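If you're wondering where the values come from, they're calculated on a predicted model, not measured in any experiment. In what follows, chains are A, B, ... by sequence order, proteins preceding strands, each numbered from 1.
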Number of protein chains: 2
Amino acid sequence: MTLRDIEIFVTVCELKSMSAAAKKLYMSQPAISQAISQMEGDLQVRLFDRIGRKLSLTYAGEILYSYGKRILNLVKEAESTLDDVRNMRMGRLRVGTSTTVGIYLLPEIIGEFRKKFSIDVYFTIGNTAGIEKLIFDNSIDLGIVEGPVHSRDIVVTPYIDDELYLVCSKSHRWAEKKSISPAEIENEDIIMREKGSGMREIFEETMARNNVRYRIKYVLNNTEAIKKAVEANIGVSVISRLAVKKEIRGGRLVKVDIENIRFERKFSIIYHKDKFKSNLFEEFIRHLYNYSIR
Amino acid sequence: MTLRDIEIFVTVCELKSMSAAAKKLYMSQPAISQAISQMEGDLQVRLFDRIGRKLSLTYAGEILYSYGKRILNLVKEAESTLDDVRNMRMGRLRVGTSTTVGIYLLPEIIGEFRKKFSIDVYFTIGNTAGIEKLIFDNSIDLGIVEGPVHSRDIVVTPYIDDELYLVCSKSHRWAEKKSISPAEIENEDIIMREKGSGMREIFEETMARNNVRYRIKYVLNNTEAIKKAVEANIGVSVISRLAVKKEIRGGRLVKVDIENIRFERKFSIIYHKDKFKSNLFEEFIRHLYNYSIR
DNA sequence: AGTTTATATAAAATATTATTATCATTAATA
DNA sequence: TATTAATGATAATAATATTTTATATAAACT
């Protein structure tokens with residue numbers, strides 16, 4: 001029994017005529033006759049009683065008619081749902097990101113995207129290596145990560161340049177100056193994330209490269225907590241512009257430039273080279289570039 | 001999209017491998033590859049991501065997998081239900097009968113039949129012409145009717161011979177005699193069904209043929225009512241043996257023979273000559289002969 | 001690097017499905 | 001009642017789909 005058979009059978013049921021069904025399905029009458037009698041042979045039941053030249057359903061036929069309609073409807077529903085996926089009326093995107101992007105940038109970008117497309121978005125936060133692994137598994141569709149990615153099977157495209165800002169409380173003595181010399185940092189209490197965090201790595205690497213000494217007085221494993229501590233003037237810190245945008249704008253934190261020193265890092269969009277790029281996927285990548293904060 | 005396609009797709013999903021699916025379905029691997037890529041072409045969506053040499057379902061694929069299983073299950077269910085019909089574990093019989101057979105004989109016969117086969121039985125009571133019409137419409141599968149059927153498209157096979165008994169109350173003077181001469185009826189009050197009823201036709205026709213005069217004093221359109229009236233000794237009547245079997249056995253009515261006169265009629269089983277005779281149909285006919293009361 | 005395993009592609013073989021032509025039967029019409 | 005039109009069945013042929021064989025390509029494992 002094929003879907004075609006079922007379609008033929010249901011049509012014959014509804015028109016109570018093989019010839020009429022043939023017309024409706026744009027095929028010859030013998031094709032219908034043959035299909036029906038083949039079904040009867042396969043199923044070993046009579047589907048129609050042929051009395052006079054009128055067809056009437058047998059009990060078995062009535063049962064098959066009822067199932068047949070359900071089956072055809074389900075197939076139609078499946079096809080139309082897939083069509084919705086194709087036309088981005090439905091969909092799913094699985095994104096993996098670094099902590100900073102995941103917390104301070106993506107929620108807004110995804111929010112905007114979902115205004116245009118009513119799709120499900122899943123996102124996972126992890127370090128670059130972890131995100132890379134998820135891409136290999138095809139557990140996520142794309143990643144936004146920091147730093148270089150070494151697999152030649154992964155496509156890497158530059159996304160946004162991030163900068164870490166030296167920030168202090170508005171009551172800190174630097175708040176007025178807006179700019180300091182590197183030497184001024186040496187005796188300042190610094191609040192920093194734990195070893196291994198991306199933020200700390202860039203800070204230490206940059207400071208070392210510029211031969212600036214520093215003193216990390218407090219370690220907190222949470223950027224929000226660091227911001228609160230800086231606001232309370234417990235010390236100063238170096239935090240992604242994405243994470244302190246609001247506080248600087250609101251005046252609760254002050255950005256302080258350091259002569260000749262900038263803490264920089266680059267985010268990239270990554271995905272597997274063999275990944276099939278659905279319409280939705282491409283649309284999301286475009287959206288990422290349009291809405292990113294430069 | 002055919003059922004075969006869906007079966008292939010679902011198998012690939014479950015084994016996460018085209019080659020494994022090929023083995024399971026006893027076909028070559030390229031047939032699977034082709035079927036899947038054709039589906040993707042037809043539906044215009046990617047169903048699998050081919051990353052490395054691992055397959056993983058896309059979002060569209062997951063949707064189709066879910067629908068696919070439902071569709072295949074429904075087809076399986078339909079086939080197994082039809083198999084139940086074929087093996088008489090399910091079924092339907094539509095029988096049309098004359099009043100007497102329908103009320104006094106069939107209920108018991110059908111009850112016995114349903115002990116063997118758990119099927120639905122519908123029955124319609126009507127006169128011969130009406131039953132014949134229902135057979136032409138294929139609104140019933142078979143009929144049990146009285147008298148000759150004239151259409152050459154209807155198969156008529158003799159069923160049982162019925163006899164109408166002259167009955168009186170146990171307190172009637174005939175109750176002792178058990179046999180009377182035709183002349184004795186002439187002055188007796190007779191209770192009878194209305195004109196046009198099968199019972200009355202036979203009675204009148206037989207009496208006329210034997211030149212016996214009679215007097216119908218009471219007319220009731222219901223056999224049960226007539227039986228009660230005879231029991232109450234309001235008069236005597238002529239009633240089918242099927243209808244008075246219990247009362248005679250219980251002694252509430254007494255059968256009285258009339259010398260040289262018998263009221264007889266024959267019941268026949270009828271069905272359309274083109275009617276497909278399902279297993280259940282044939283089984284029921286056999287059952288009718290086994291359980292009929294001779 | 002070489003071997004094995006998995007999927008894709010092209011051409012050929014096979015199987016399935018539909019069509020044309022025709023018949024038998026039935027219902028409708030003259 | 002004879003004639004015509006319509007319906008479904010059957011057989012042979014034609015057209016289309018599907019599957020296999022052979023081969024290529026690429027990835028994972030020794």
Side-chain angles (χ1 to χ4, degrees), chain A residues 1-9 11-42 46-58 61 133 135-138 151-155 272-276, chain B residues 1-9 11-43 46-58 61 133 135-138 151-154 272-276:
Chain A
M1 203 166 50
T2 69
L3 286 180
R4 181 71 173 155
D5 286 338
I6 296 174
E7 193 187 5
I8 290 172
F9 172 72
T11 308
V12 173
C13 290
E14 282 168 359
L15 299 177
K16 299 177 204 316
S17 153
M18 301 215 192
S19 320
K23 237 175 232 169
K24 180 160 185 206
L25 298 173
Y26 302 105
M27 57 199 290
S28 67
Q29 167 269 313
I32 306 282
S33 274
Q34 280 168 194
I36 298 290
S37 69
Q38 193 184 10
M39 286 176 87
E40 292 182 323
D42 291 347
R46 197 47 95 93
L47 297 172
F48 292 102
D49 263 318
R50 287 89 164 159
I51 283 187
R53 74 192 204 193
K54 245 170 205 160
L55 296 177
S56 57
L57 278 172
T58 60
K133 207 165 199 166
I135 283 186
F136 266 98
D137 287 357
N138 198 24
S151 163
R152 62 187 178 79
D153 292 330
I154 286 186
V155 176
H272 197 284
K273 75 173 180 21
D274 295 338
K275 178 75 185 174
F276 175 75
Chain B
M1 203 165 52
T2 68
L3 285 180
R4 181 72 172 156
D5 285 337
I6 296 174
E7 192 187 7
I8 290 172
F9 172 73
T11 308
V12 173
C13 290
E14 281 167 359
L15 300 176
K16 298 176 204 315
S17 152
M18 303 216 190
S19 321
K23 237 175 231 167
K24 182 163 184 203
L25 298 172
Y26 303 103
M27 57 198 293
S28 69
Q29 167 269 313
I32 305 284
S33 273
Q34 280 167 190
I36 298 290
S37 68
Q38 193 184 11
M39 287 176 88
E40 292 182 323
D42 290 348
L43 297 166
R46 197 47 95 91
L47 297 173
F48 292 103
D49 263 317
R50 287 84 163 163
I51 284 189
R53 73 192 206 194
K54 245 169 206 163
L55 295 177
S56 58
L57 278 173
T58 60
K133 207 165 197 167
I135 282 186
F136 265 98
D137 288 356
N138 198 24
S151 165
R152 62 184 178 83
D153 292 329
I154 286 185
H272 198 283
K273 76 172 182 15
D274 295 337
K275 177 76 186 174
F276 175 74

Query raised in the report: In whole Å, what is the span from the CZ atom of A:F9 to the P atom of C:dT17?
Result: 17 Å

Report task. Take nucleotides 21-28 of chain D nucleotide by nucleotide from the 5' end and write B, S or -, depending on whether a protein heavy atom sits under 4.0 Å from the base, only from the sugar-phosphate, or from neither. Result -> BB----BS

Query raised in the report: What pairs of residues pass the salt bridge (Lys or Arg N to Asp or Glu O under 4.0 Å) test when at least one of them lies in residues 14-27 of chain A, not counting sequence neighbours?
Result: none

Query - Between D:dT10 (P) and A:M18 (CE): distance, integer Å - result: 10 Å

Query raised in the report: Touch check for A:S19, heavy atoms < 4.0 angstrom, all strands: base, sugar-phosphate only, or nothing?
Result: sugar-phosphate

Query raised in the report: Under 4.0 angstrom, heavy atoms only, what part of the nucleic acid is A:I32 near: base, sugar-phosphate, or nothing?
Result: nothing

Query raised in the report: Which part of the nucleic acid, if any, lies within contact of B:S37, taking any heavy atom under 4.0 Å across all strands shown: a base, the sugar-phosphate backbone alone, or nothing?
Result: nothing

Report task. Anything under 30° is parallel, anything over 60° is perpendicular, the rest tilted; go ahead and classify B:F48 against B:F9. Result -> tilted

Query raised in the report: With no hydrogens and no angle check, is any side-chain donor or acceptor of A:D42 less than 3.5 Å from a backbone partner on A:M39?
Result: no

Report task. Answer with yes or no whether the side chains of B:N138 and A:K54 bring together a donor and an acceptor at under 3.5 Å. Result -> no

Requested in this report: Rounded off to whole Å, could you give me the CD1-to-P distance for the A:I36 and D:dT10 pair?
Outcome: 13 Å

Query raised in the report: What is the distance, rounded to the nearest whole Å, between atom CZ of B:R4 and atom C1' of D:dT18?
Result: 10 Å

Query raised in the report: Are A:E7 and A:T11 linked by a side-chain donor-acceptor pair shorter than 3.5 Å?
Result: no

Query raised in the report: In whole angstroms, how far is the P atom of D:dT18 from the CE atom of B:M1?
Result: 13 Å

Report task. Please report, rounded to the nearest Å, how far the P atom of C:dT16 is from the CG atom of A:D42. Result -> 11 Å

Query raised in the report: Below 4.0 angstrom, N of the basic side chain to O of the carboxylate: do A:R50 and B:D274 qualify?
Result: no

Query raised in the report: Roughly, in whole Å, what's the span from CD1 in A:I8 to C1' in C:dT16?
Result: 12 Å

**Report entry** Check: A:E40 side chain, A:L47 main-chain N or O, donor-acceptor pair, under 3.5 Å
**Finding:** yes

Query - Atom-to-atom span, CG of B:D5 to C1' of D:dA17 - whole angstrom - result: 11 Å

**Report entry** Nearest-nucleotide pick for A:Q38, side chain only, options being D:dT7, C:dT17, D:dT20
**Finding:** C:dT17

